[in-house]
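One structure below.
In what follows, every chain begins at residue 1, and chains take the letters A, B, ... in the order their sequences are listed.
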2 protein chains.
Amino acid sequence: MKNITSQQSKVLDCIQIHIKKTGFPPTRADICKELGFKSPNSAETHLRALEKKGFINIESGTSRGISITNPEAEVQEDEYPIIGLVAAGSPTLATENVEKVFNCPKGFFGSNFDYFLRVRGLSMKDAGIMEDDLIAVKKTQDIRNGDIVIARIDDEVTVKYFHRHSPNIVHLQPANEEFSDIEIDLKETELFIEGKSVGLIREN
Amino acid sequence: MKNITSQQSKVLDCIQIHIKKTGFPPTRADICKELGFKSPNSAETHLRALEKKGFINIESGTSRGISITNPEAEVQEDEYPIIGLVAAGSPTLATENVEKVFNCPKGFFGSNFDYFLRVRGLSMKDAGIMEDDLIAVKKTQDIRNGDIVIARIDDEVTVKYFHRHSPNIVHLQPANEEFSDIEIDLKETELFIEGKSVGLIREN
DNA sequence: AATTATACTGAATATATATACAGTATAATA
DNA sequence: TATTATACTGTATATATATTCAGTATAATT
């Protein structure tokens, strides 16, 4: 996305405003009227420049065939799958585990994420994570001590605090007195980190 | 909004899909192509029917001048204020207490709500409500025993479980051993119920 | 010094598009 | 029974619209 000139920016604004106001994009003539141009070619050349720079897309031979390339600045809602926390067995993101999809704006929790995990059990109760809560999971290996991770040990999926104080020993710590720490020797046991929690949603 | 026929519904869907896909509404010909009509007048009459019933608006003499009257059915994101839990003094929803606004689709938590409350303290810790969490508050007086309410006693705002087992005695119960019940005699003390919690959001 | 991008006017035109008119047919309503 | 709504085909056309071509002028690059 290259830099935009002052006039091109006005034209881009004009398009956005027209769509918001009327529901459909402007014609060349509409733009001229709005911005005071006397020739439709003034609008045309600006549109071509905006297209070349990647701000808009022009459908050739189509009336009002202008679409704004980057609606990121706008709403951008997306569907995220809700995955049931399967006790054992199948891999986490398998299709059969998708409970339903949940509409949530992108970047709702500041950072991006990949899916929601439906919480089972109360092992993270003291971290305010309750049964049936939805954890927003970001698939990443960039984990720091104290992060809440979604981990897989021997096909069992669990949500815990992550702590690693020596190279081969990882502690998966619950937030509930009734549960005890899981200590994992990476030389003996395989640990797969699915991702980490970046947010939480609870529906009452 | 009158009832819609099956064919008209298809045409309406077609318009919505076209806008979503291309960024601009379809022409009569586009609709024909999509739905298999052989005459542009087929689309035209359906459009007129949809306009008459209030589902769409048609800008006369304008190419692709179709706009959908009720975009409610679509995404419908809205801005909700985040209110800081003020310890004492000013009324809760006063403008000076608005921390910022938060974009969230309407009906995100199943039911509607009015604002987000930023949680201070850990009095509801065992209910999984932690410091800095955002509680989705629905302003209502329709409270049942066990609901999490936002209550005001003498200008102090608090979040607690609501219990009323006799007509004049209300218990506001925390979810934390370190806090004790608040018993309110409605004949002596004024209790104002701001609303109840319908959901929760946590940003990690 | 030559080229390219920006920023316009003005005119011309092929075609994309809305829209009216003429029919046919069926189901619902008054 | 007459009327209206629905659901189409098919043709025609005025005009809305994209788009090209011919210019003029200034600022920014190469």
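Between C:dA11, C:dA7, D:dT17, one nucleotide has an atom nearer to the side chain of A:Arg64 than all others, and that is D:dT17. Among the nucleotides C:dT6, D:dG10, C:dC8, the one closest to any side-chain atom of A:Thr5 is C:dT6. Side chain of B:Ser60, nearest nucleotide from D:dT6, C:dT19, D:dA5: C:dT19. Listed nucleotides C:dG10, D:dC8, D:dA18 differ in distance to B:Thr45; the shortest reach to its side chain belongs to D:dC8. The side chain of B:Gln8 lies closest to D:dA7 when the candidates are D:dT20, D:dA7, D:dA12. Taking every side-chain heavy atom of A:Ile58 into account, D:dT19 is the closest of D:dA7, D:dT19, C:dT17. Looking at the side chain of A:Lys38, the nearest of the listed nucleotides D:dA7, D:dA5, C:dG10 is C:dG10. Of all nucleotides listed (D:dT19, D:dT9, D:dA18), D:dT19 comes nearest to the side chain of A:Arg48.
With B:Ser9 contributing its side chain and B:Gln7 its backbone, the two residues share no donor-acceptor pair below 3.5 Å. Listed for the A:Thr45 side chain is a donor-acceptor partner under 3.5 Å among the backbone atoms of A:Ser42.
In this structure, A:Gly61 and A:Ser42 both approach DNA chain C, and ranking their closest nucleotides by distance from the 5' end singles out A:Ser42. Where B:Thr62 and B:Ala49 each meet DNA chain D at their nearest nucleotide, the meeting point lying more 5' is that of B:Ala49. Residues B:Phe37 and A:Pro26 both approach DNA chain D. Their nearest nucleotides, taken by heavy-atom distance, put B:Phe37 toward the 5′ side.
Remark: the A:Asn41 side chain and the C:dT9 base include a donor-acceptor N/O pair separated by less than 3.5 Å.
Other residues, nucleotides and ligands contribute at most 12 non-hydrogen atoms within 6.0 Å of the CD atom of B:Glu190.
A salt bridge between A:Asp114 and A:Lys139 is absent, with no side-chain N of the basic residue lying under 4.0 Å from a carboxylate O of the acidic one.
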